[in-house]
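None of these values were measured; they are calculated from a predicted model.
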Amino acid sequence: VSPAYGKTAVTPGVVVCTASGDVVVVSDDEKAQIVGWTLKVVDADGKFVSETSGEGLECKFVHVAGCVDTLTWKMSSFYRVTAASSSELGTVSIDPVKEFFAKGESVKLTATAVEGYHFTGWAGDVPEGRQKENPLNMTVEKVSVLAADFAETKPLTFIATEAKFY
């Protein structure tokens, strides 16, 4: 970000602040990207003068002597969603396939059992009450780790006996 984070003395006149648009790494599982800005101006007494906002990576404004300009960059969050089988009894697919999902984005997880087994439920960061849904459509709100559980499908055995009617 230019000028750099923190307090920067500027002379009255036109000021242009730019952001590179690069992704900020919060952790291995979370990232953020600048998507816009808000500019708040107060006078020397701290009284509110104005507030404007915009999209993009550049904020151009006129600095007035005696005022304090506070520029806040708006960030959009991106989270990793990891889903896997809890065993070798099945697989999990994620749609769309990508490393990070924007906050509020939809993701579809599908568990597929190998022959002779069936899906029994999701464990981990599953939305409340939706552990048995397959496929599972969820809205990304945070870093999420899920595991699909599977169990052996046992054949049903029926024994036929002679029916007696009275």
Side-chain angles (χ1 to χ4, degrees), residues 1-10 13-42 46 48-63 67-114 117-151:
V1 176
S2 173
Y5 172 79
K7 293 183 178 182
T8 303
V10 293
V14 175
V15 178
V16 177
C17 296
T18 58
S20 67
D22 291 339
V23 171
V24 176
V25 176
V26 177
S27 72
D28 287 344
D29 296 320
E30 183 178 351
K31 298 182 187 254
Q33 186 171 20
I34 295 171
V35 295
W37 51 269
T38 299
L39 177 69
K40 183 177 179 181
V41 180
V42 296
F48 175 82
V49 174
S50 67
E51 182 170 303
T52 57
S53 61
E55 308 228 346
L57 304 175
E58 181 175 280
C59 173
K60 185 176 183 178
F61 62 97
V62 176
H63 173 66
C67 287
V68 176
D69 307 312
T70 303
L71 178 63
T72 304
W73 294 103
K74 295 180 188 176
M75 307 294 281
S76 184
S77 298
F78 295 84
Y79 302 107
R80 186 184 309 271
V81 175
T82 306
S85 172
S86 61
S87 65
E88 295 179 1
L89 305 177
T91 60
V92 175
S93 63
I94 299 177
D95 184 32
V97 176
K98 57 185 174 177
E99 189 174 2
F100 288 90
F101 296 85
K103 183 175 183 175
E105 187 174 353
S106 294
V107 62
K108 177 180 173 182
L109 295 92
T110 305
T112 305
V114 298
Y117 292 83
H118 64 278
F119 170 77
T120 58
W122 297 102
D125 298 315
V126 187
E128 178 107 18
R130 301 184 55 204
Q131 291 81 359
K132 301 292 183 188
E133 290 182 23
N134 189 28
L136 173 65
N137 293 298
M138 60 183 264
T139 302
V140 177
E141 296 296 331
K142 62 179 184 154
V143 174
S144 300
V145 179
L146 297 95
D149 293 322
F150 300 93

message = Under the rule for salt bridge (Lys or Arg N to Asp or Glu O under 4.0 Å), what residues qualify as partners of K108, not counting sequence neighbours?
response =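 Testing K108 for salt bridge (Lys or Arg N to Asp or Glu O under 4.0 Å), a comparison that skips the adjacent residues, returns none.
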
message = Restricting to salt bridge (Lys or Arg N to Asp or Glu O under 4.0 Å), what partner residues turn up for E30, sequence neighbours left out?
response =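 Salt bridge (Lys or Arg N to Asp or Glu O under 4.0 Å) list for E30, sorted by chain: empty.
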
Exercise: identify the closest heavy-atom pair between [X] and [Y]:
X	Y	answer
A32	M75	CB-CE, 3.8 Å
A148	V92	CB-CG2, 3.6 Å
A102	V140	O-CB, 4.0 Å
Y79	K103	CE1-CB, 3.8 Å
G56	I34	O-CG2, 4.5 Å
A147	S86	CB-CB, 4.3 Å

Separation between [atom1] of [X] and [atom2] of [Y], rounded to the nearest 0.5 Å:
X	Y	atom1	atom2	result
S77	E141	OG	CD	10.0 Å
S87	F150	OG	CZ	6.5 Å
Q33	L57	CD	CG	7.5 Å

request  = Only counting residues at least two apart or in another chain, list the ones meeting side chain to side chain contact (heavy atoms under 4.5 Å, CB included) with V114.
outcome  =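 Residues passing side chain to side chain contact (heavy atoms under 4.5 Å, CB included) with V114: Y117.
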
key: V62: partners by side chain to side chain contact (heavy atoms under 4.5 Å, CB included), with sequence neighbours left out   =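 V14.
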
Which atom pairs, donor and acceptor, lie under 3.5 Å between side-chain atoms of residues 119-129 and protein residues at least two apart or in another chain?
residue	atom	partner	partner atom	Å
T120	OG1	D149	O	3.1
W122	NE1	E133	O	2.6
D125	OD2	V145	N	2.8

key: Residue pair K40, F48: steps toward the side-chain contact (heavy atoms from CB on, under 4.5 Å) verdict   = CA-CA 8 Å; K40 183 177 179 181; F48 175 82; 4.0 Å; yes

request  = Taking S144 for its side chain and V81 for its backbone only, find out whether a donor-acceptor pair lies under 3.5 Å.
outcome  =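 Side chain of S144 to backbone of V81: no pair is present.
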
query = Counting N and O atoms only, with roles assigned by atom type, does the side chain of W37 sit under 3.5 Å from a partner on the main chain of E58, one being a donor and the other an acceptor?
reply =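 Confirmed, W37 side chain pairs with E58 backbone.
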
query = Got more than 12 heavy atoms from elsewhere within 6.0 Å of NZ, K60?
reply =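 No, the 6.0 Å shell around NZ holds no more than 12 heavy atoms from other groups.
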
message = Applying side-chain contact (heavy atoms from CB on, under 4.5 Å) to V107 and I94, what does each step give before you reach the verdict?
response = CA-CA 7 Å; V107 62; I94 299 177; 3.4 Å; yes

inquiry  = Counting C-beta onward and ignoring hydrogens, is there a side-chain heavy-atom pair between N134 and T110 closer than 4.5 Å?
reply    =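 Counting from C-beta outward, N134 and T110 do come under 4.5 Å.
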
key: Pair E51-L39, side-chain contact (heavy atoms from CB on, under 4.5 Å): steps then yes or no   = CA-CA 6 Å; E51 182 170 303; L39 177 69; over 6 Å; no

task = Sort and list the pairs that fulfil salt bridge (Lys or Arg N to Asp or Glu O under 4.0 Å) and have at least one residue in residues 79-94, not counting sequence neighbours.
result =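 The answer is D29-R80, R80-E99.
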
